[in-house]
Amino acid sequence: IVVTMLCLWQAQGFAMDLPQYLNTVEKKHKSFQSLDASIDAAEDRRVSGDVDLAPELTFDAKNIIDKKEPNQLAQFGVDESRIRQYSLGLNKKFSTGTRVGLSANAAEFENKNLNSAAAASLPAGTFLDKYGTSSLGISISQSLWKDFFGNSTRLRWQRESQASAAEKAQYSLQKRQLLIAAEATYWDFMYAQEDLRIQQTSLDRAKKIEQWTTRRVRDGISDRTDLLQTQALVAQRQMQLLTSRNSFQSAQKKIRDFLELESNEALPSLEGKISEIRPVTALVDGGGKGKVVQLEAYVSSLNAKTKELSAETTVDANRPDLVLSGSYNTNGYDGTMPDAIKEWDKTDKPTTVVGLSFRYAFGTNAKNSVTSAVRKDALAAKLQSERKMLESESAWSELIRQNSELSKQVEAATTLSNLQTNRAKATVDKFNKGRSITTDVVNAEQDAANAELNMTKLMSEQRKLEAQGRLFVVIEE
């Protein structure tokens with residue numbers, strides 16, 4: 001019945017080998033989708049660091065009513081000024097640290113209660129009651145010290161690139177750990193399936209022995225104790241089959257969970273070869289020549305480099321700063337704002353500014369502590385990374401050693417299983433010819449079943465051990 005159910009179950013699903021199974025898990029498992037989204041977010045965060053270099057468009061509009069005293073135009077009877085101002089600007093910081101700004105400004109002034117007689121004494125072309133101004137300008141500034149021709153930008157790029165690489169590597173590590181768990185579930189399923197087959201076959205053989213013994217007892221060749229012994233063997237095999245069936249159903253459930261199958265979806269027929277050996281190095285990412293390290297250790301080294309660059313960035317931010325700046329603006333003036341705007345391009349009355357500014361923060365305990373803290377964090381991360389690298393070398397050599405030992409155990413278990421199976425067949429043959437007792441047959445059958453299960457279990461463990469190679473990468477020394 002169990003074999004019939006197994007065949008029926010396999011017929012309902014579609015065939016799937018290990019690569020197809022892992023590929024399906026990566027596509028359907030929500031945790032993989034989450035980690036892929038996190039990797040994309042890490043890349044977006046790296047790119048977003050350049051938001052400081054993005055061009056910026058500004059626009060200002062103001063309406064001002066000014067009645068303050070003393071008023072500079074009070075001598076002309078003005079007691080209120082109304083001003084409308086408009087400003088449009090485009091600013092850009094380049095990776096060299098150079099800041100460039102373009103601006104266009106226009107304003108209109110209206111002075112209330114102007115004394116016309118007093119204003120008449122002013123030079124011709126002077127407007128007081130209502131007039132407009134305009135200007136076009138360009139400004140440039142460059143740090144000569146702290147951000148000397150883009151030093152801060154380059155440091156930021158390096159730090160953000162390193163941080164992004166570390167973050168992506170961490171997510172990649174989590175994906176590989178999930179893949180290893182998925183593969184372990186796959187081999188556990190294959191073992192459970194093989195265990196179910198072996199137990200069913202063992203039960204069938206035990207029933208045949210029971211039939212032979214029943215016939216021998218009926219013919220007076222064997223004692224009733226022999227029959228009871230074979231019946232006990234059948235009962236034992238039935239109990240083992242029930243246990244194997246429960247394990248198989250649990251393994252099915254885990255496979256279904258990893259594939260995120262609905263309850264009404266058929267489980268695929270997994271067709272992995274549990275006896276097929278894979279080189280551990282074949283699962284190591286990176287290929288080619290280089291040093292094999294644990295991905296966890298590689299992540300630690302990237303974090304250490306990020307901490308080091310963060311420390312350099314902090315030190316750079318606390319340096320004294322010397323900034324050279326300059327600006328040039330045209331000036332337009334006429335009776336109205338539209339007329340003043342027409343004089344934007346006139347360069348006969350410009351405003352030119354050249355400046356040099358210096359900033360220095362004194363070395364207080366607070367400032368020194370900031371620098372000291374980041375440097376100590378960087379040192380701690382470096383030491384931790386070095387320790388992880390030492391552990392990585394030990395883990396890789398231990399993985400190779402364990403795999404080699406398992407290969408020897410599998411080889412020995414295979415030899416033993418073949419011998420026990422042949423022994424069981426020979427013992428049954430002797431039993432049929434009347435040259436063996438029932439106890440020998442039962443013991444031989446039990447030993448053969450145990451040997452085959454032990455061999456299968458060791459093969460399953462070796463396949464899972466090989467999967468640990470996914471936790472290692474090859475890096476250039």
Side-chain angles (χ1 to χ4, degrees), residues 2-33 35-36 172 174-201 244-245 247-287 295 399 402-403 406-407 409-411 413-414 417 452-473:
V2 174
V3 174
T4 303
M5 291 176 60
L6 180 59
C7 293
L8 178 61
W9 164 76
Q10 289 179 335
Q12 290 176 344
F14 53 90
M16 182 181 287
D17 59 15
L18 178 61
Q20 292 171 329
Y21 162 76
L22 294 178
N23 185 55
T24 304
V25 170
E26 285 190 89
K27 289 180 179 179
K28 297 190 65 176
H29 201 285
K30 295 294 189 299
S31 294
F32 280 97
Q33 296 174 14
L35 290 169
D36 286 337
S172 177
Q174 295 179 37
K175 288 180 67 174
R176 290 162 190 252
Q177 290 170 336
L178 272 174
L179 274 179
I180 290 173
E183 182 170 344
T185 300
Y186 177 90
W187 293 122
D188 285 341
F189 173 85
M190 298 302 298
Y191 169 74
Q193 182 173 265
E194 188 69 9
D195 179 33
L196 184 62
R197 183 193 65 79
I198 291 172
Q199 295 297 348
Q200 180 66 58
T201 303
S244 297
R245 185 188 301 173
S247 299
F248 179 70
Q249 290 173 346
S250 297
Q252 277 185 306
K253 179 64 169 59
K254 291 180 180 179
I255 290 291
R256 183 177 289 276
D257 289 342
F258 266 105
L259 293 175
E260 296 199 359
L261 296 175
E262 299 292 340
S263 58
N264 59 346
E265 291 184 85
L267 196 67
S269 172
L270 303 183
E271 299 182 344
K273 294 182 179 179
I274 202 168
S275 61
E276 186 174 343
I277 296 176
R278 300 171 297 175
V280 176
T281 53
L283 298 177
V284 176
D285 192 23
L295 186 53
L399 178 61
Q402 288 186 5
N403 186 59
L406 261 179
S407 294
Q409 293 177 30
V410 168
E411 184 178 356
T414 302
S417 178
E452 188 174 8
L453 276 177
N454 182 56
M455 176 192 68
T456 305
K457 183 64 174 177
L458 286 173
M459 288 179 177
S460 173
E461 292 302 315
Q462 188 174 31
R463 300 296 82 76
K464 291 192 283 187
L465 184 68
E466 292 164 352
Q468 296 294 317
R470 288 191 172 89
L471 295 179
F472 293 82
V473 294

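Just so it is clear, the values below take in all heavy atoms, side chains as well, and ignore hydrogens, waters and symmetry mates. Start at 1 with the first residue, then count along the sequence.
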- Item | Pairwise side-chain contact, D188 with K464, heavy-atom cut-off 4.5 Å (strictly under) | yes
- Query: Can you name the nearest heavy-atom pair linking L283 to A467, along with the distance?
  - Reply: CD1-CA, 3.8 Å
- Item | P268 side chain reached by T24 side chain, heavy atoms, under 4.5 Å | no
- What's the shortest heavy-atom distance between L267 and I255, and which atoms? CD1-CG2, 3.9 Å
- Task: Starting at CG of D195, measure out to CD of Q200 and round the result to the nearest 0.5 Å.
- Result: 11.5 Å
- Item | Heavy atoms from other residues, nucleotides or ligands near NZ of K273 exceed 12 (cutoff 6.0 Å) | no
- Distance-minimising heavy-atom pair for V280 and G469: CG1-CA, 4.1 Å
- Checking S417 side chain against A413 main chain: does a donor-acceptor pair fall under 3.5 Å? no
- Task: Check whether more than 12 heavy atoms from other residues, nucleotides or ligands sit under 6.0 Å from atom CD of Q20, and answer yes or no.
- Result: yes
- Do F32 and K27 come within less than 4.5 Å of each other through their side chains, counting heavy atoms only? no
- Query: Between F258 and Y21, does a side chain to side chain contact (heavy atoms under 4.5 Å, CB included) hold up when you go through it step by step?
  - Reply: CA-CA 9 Å; F258 266 105; Y21 162 76; 3.8 Å; yes
- Item | Spacing of OG belonging to S407 relative to CE belonging to M459, to within rounding of 0.5 Å | 10.5 Å
- Task: Taking all non-hydrogen atoms of both residues into account, name the closest pair between L178 and S31 and its distance.
- Result: CD1-CB, 3.5 Å
- Where is the tightest heavy-atom contact between Q462 and L406, given as atom of each residue plus distance? CA-CD1, 3.6 Å
- Message: For F472, run the side chain to side chain contact (heavy atoms under 4.5 Å, CB included) check against D285, L399, T281 and tell me which one passes.
- Response: L399
- Query: Do K457's NZ or CZ and the ring of Y191 fall within the cation-pi criteria of under 6.0 Å and 45°?
  - Reply: yes
- Can Q249 and K253 be said to form a side chain to side chain contact (heavy atoms under 4.5 Å, CB included), step by step? CA-CA 6 Å; Q249 290 173 346; K253 179 64 169 59; over 6 Å; no
- Task: Kindly say whether E262 contributes a backbone atom to a donor-acceptor pair with the side chain of R256 at under 3.5 angstrom?
- Result: yes
- I274 versus E194: any side-chain heavy-atom pair under 4.5 Å? no
- Note on the structure: From the list R176, R278, K254, salt bridge (charged side-chain N to carboxylate O under 4.0 Å, His left out) with E183 holds only for R278
- Taking all atoms of both residues into account, what is the closest heavy-atom pair of M190 and E271, and its distance? CE-C, 4.4 Å
- Note on the structure: Interatomic distance, CD@E466 vs CG@N403, rounded to 0.5 Å, equals 5.5 Å
- Message: Return the OG1 to CD distance between T414 and E452, rounded to the nearest 0.5 Å.
- Response: 10.5 Å
- Distance in Å, E411 CD paired with L458 CG, rounded so as to fall on 0.5 Å steps: 12.5 Å
- Task: Starting at CG of D36, measure out to NE2 of H29 and round the result to the nearest 0.5 Å.
- Result: 12.5 Å
- Query: Is it true that a side-chain atom of R470 and a backbone atom of K175 form a donor plus acceptor pair closer than 3.5 Å?
  - Reply: no
